[in-house]
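Structure first, commentary second.
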Amino acid sequence: MTKSLRARLFVGLTAVILLAGCIGGAFTYLWAFDEAIEMQDSTLIQIGSLLQNGSVRSDQSLGGVDADAEVDVTELGTAPHGSAEERLLWSLQDGLHVVSRIGQSARVLLRTRPDGSRFAVTQLTDVRDDIASSMAIRTLLPIAALIPCLLLVAALVVEGSLRPMVRLAGDLDLRSADDMIPLPLADTPSELHPFIASINGLLERMKLMMDQQRRFVADAAHELRTPITALSLQAEILDPADLPEQARERLGALKQGIRRTKHLLEQLLALAT
């Protein structure tokens, strides 16, 4: 599992968006498919209403009906006749039915005219399903186009949400080593407040520890200044004395060591201030 919070948030949002898109797309497709089927049934009913008071010739086209819909009208006459399929259609009641036509499944509307003649308006199920699928897929195009936009928005939201954390890290990097001023809580997300409070507590403890160290160094330096000053005075007293050459060399080394020690004490005092 990735340790990046940004990546984890983006992957989580992407999964939610894709899952919601797939579920919503599936329901939308089924709804649009059913609506297209019902619309084609309505088309059959409208054609039946137009033909209720008149017949249609075999070579006559149905005005206003798309040729791709492959809607056929079969005149059944006033009594059963013709092929077995036509006689089967005659035996059915008026209304919508699913029957076998030319060896294929078809949706059929049966109607009876006032003169007793009957007719059937037929459309193959495969053609209906193809038309319904095409219409349903077109309804999915807005959802398919919306998903990349949502992913882009999710990426921007994640980036913007984590920007205060990056800015806070940058502010800490720009601080000097002895800057122990607490981090501000203003203009920061509430989710970062516990983290900032912990950092401020750590800064406070570090400040107390550094103050204790400064006081210890200052006290130690002050305590050492008195004996070092006394040693320096004793060395100065011995300076005019008549000493052997070897003792004079050792006195010079002692005075040099005292000077280095005094310089070190001054540096410690300056550090403690």
Side-chain angles (χ1 to χ4, degrees), residues 1-51 61-74 85 89 92-111 120-167 188-192:
M1 181 179 293
T2 177
K3 295 182 179 180
S4 172
L5 181 60
R6 180 184 289 104
R8 291 171 65 180
L9 286 174
F10 181 72
V11 169
L13 289 175
T14 299
V16 171
I17 291 173
L18 292 179
L19 181 61
C22 291
I23 294 175
F27 279 105
T28 300
Y29 179 88
L30 294 176
W31 173 81
F33 187 89
D34 291 340
E35 287 291 321
I37 293 295
E38 291 180 3
M39 183 179 67
Q40 292 180 90
D41 286 343
S42 298
T43 301
L44 296 181
I45 294 174
Q46 291 175 5
I47 294 174
S49 298
L50 293 174
L51 299 177
S61 61
L62 298 174
V65 179
D66 190 355
D68 293 336
E70 299 185 17
V71 176
D72 295 325
V73 177
T74 303
E85 291 182 350
L89 291 177
L92 298 176
Q93 296 180 354
D94 287 357
L96 290 168
H97 304 275
V98 176
V99 299
S100 176
R101 292 284 289 173
I102 321 175
Q104 297 180 354
S105 177
R107 185 71 162 171
V108 177
L109 172 70
L110 292 171
R111 284 289 179 88
V121 183
T122 308
Q123 187 179 28
L124 293 179
T125 302
D126 290 342
V127 175
R128 290 163 56 86
D129 290 345
D130 289 342
I131 295 175
S133 297
S134 178
M135 297 179 64
I137 289 174
R138 283 196 292 269
T139 62
L140 293 180
L141 293 180
I143 297 179
L146 182 62
I147 289 178
C149 298
L150 290 177
L151 293 177
L152 177 60
V153 171
L156 295 177
V157 169
V158 170
E159 183 67 24
S161 299
L162 297 180
R163 190 172 294 121
M165 185 181 299
V166 177
R167 184 170 59 249
T188 58
S190 59
E191 290 78 8
L192 290 180

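The structure presented is a predicted model; accordingly, all values stated were derived computationally and were not measured.
Sorted pairs that involve residues 25-35 and meet salt bridge (Lys or Arg N to Asp or Glu O under 4.0 Å), not counting sequence neighbours, are lacking altogether.
Rounded to the nearest 0.5 Å, atoms CG (Asp41) and CG (Leu109) are 9.0 Å apart. The structure places CD of Gln40 at 4.5 Å from CD of Gln123, a figure rounded to the nearest 0.5 Å. Summarising the geometry, atom CG belonging to Leu13 is positioned 10.5 Å from atom CG belonging to Leu18; distances are rounded to the nearest 0.5 Å. Interatomic distance, CG of Leu44 versus OG of Ser49, reported as 11.0 Å (0.5 Å rounding). Thr43 contributes atom OG1, which lies 6.5 Å from atom CD1 of Ile47 (distance to the nearest 0.5 angstrom).
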What donor-acceptor contacts under 3.5 angstrom involve side-chain atoms of residues 147-164, with partners at least two apart or in another chain?
{"unit_1": "Glu159", "atom_1": "OE1", "unit_2": "Arg6", "atom_2": "NE", "d": "2.9"}
{"unit_1": "Ser161", "atom_1": "OG", "unit_2": "Val157", "atom_2": "O", "d": "2.7"}

For residues 131-140, dump all side-chain donor-acceptor pairs below 3.5 Å to protein atoms at least two apart in sequence or in another chain.
{"unit_1": "Ser133", "atom_1": "OG", "unit_2": "Tyr29", "atom_2": "OH", "d": "3.3"}
{"unit_1": "Ser133", "atom_1": "OG", "unit_2": "Asp129", "atom_2": "O", "d": "2.8"}
{"unit_1": "Ser134", "atom_1": "OG", "unit_2": "Arg138", "atom_2": "NH1", "d": "2.9"}
{"unit_1": "Thr139", "atom_1": "OG1", "unit_2": "Ala136", "atom_2": "O", "d": "2.4"}

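Ala120 and Leu110 make their closest contact through CB-CD2, 3.5 Å (heavy atoms, listed as atom of the first residue, atom of the second, distance).
Remark: Asp126 pairs with no residue by the side chain to side chain contact (heavy atoms under 4.5 Å, CB included) rule, at least two apart or across chains. Qualifying salt bridge (charged side-chain N to carboxylate O under 4.0 Å, His left out) partners for Arg111, counting only residues two or more places apart in sequence or in other chains: none. Residues forming a side chain to side chain donor-acceptor pair (under 3.5 Å) with Thr125 (at least two apart in sequence, or on another chain): Ser105.
In this structure, the side chains of Val99 and Thr122 stay at 4.5 Å or more apart for every pair of heavy atoms.
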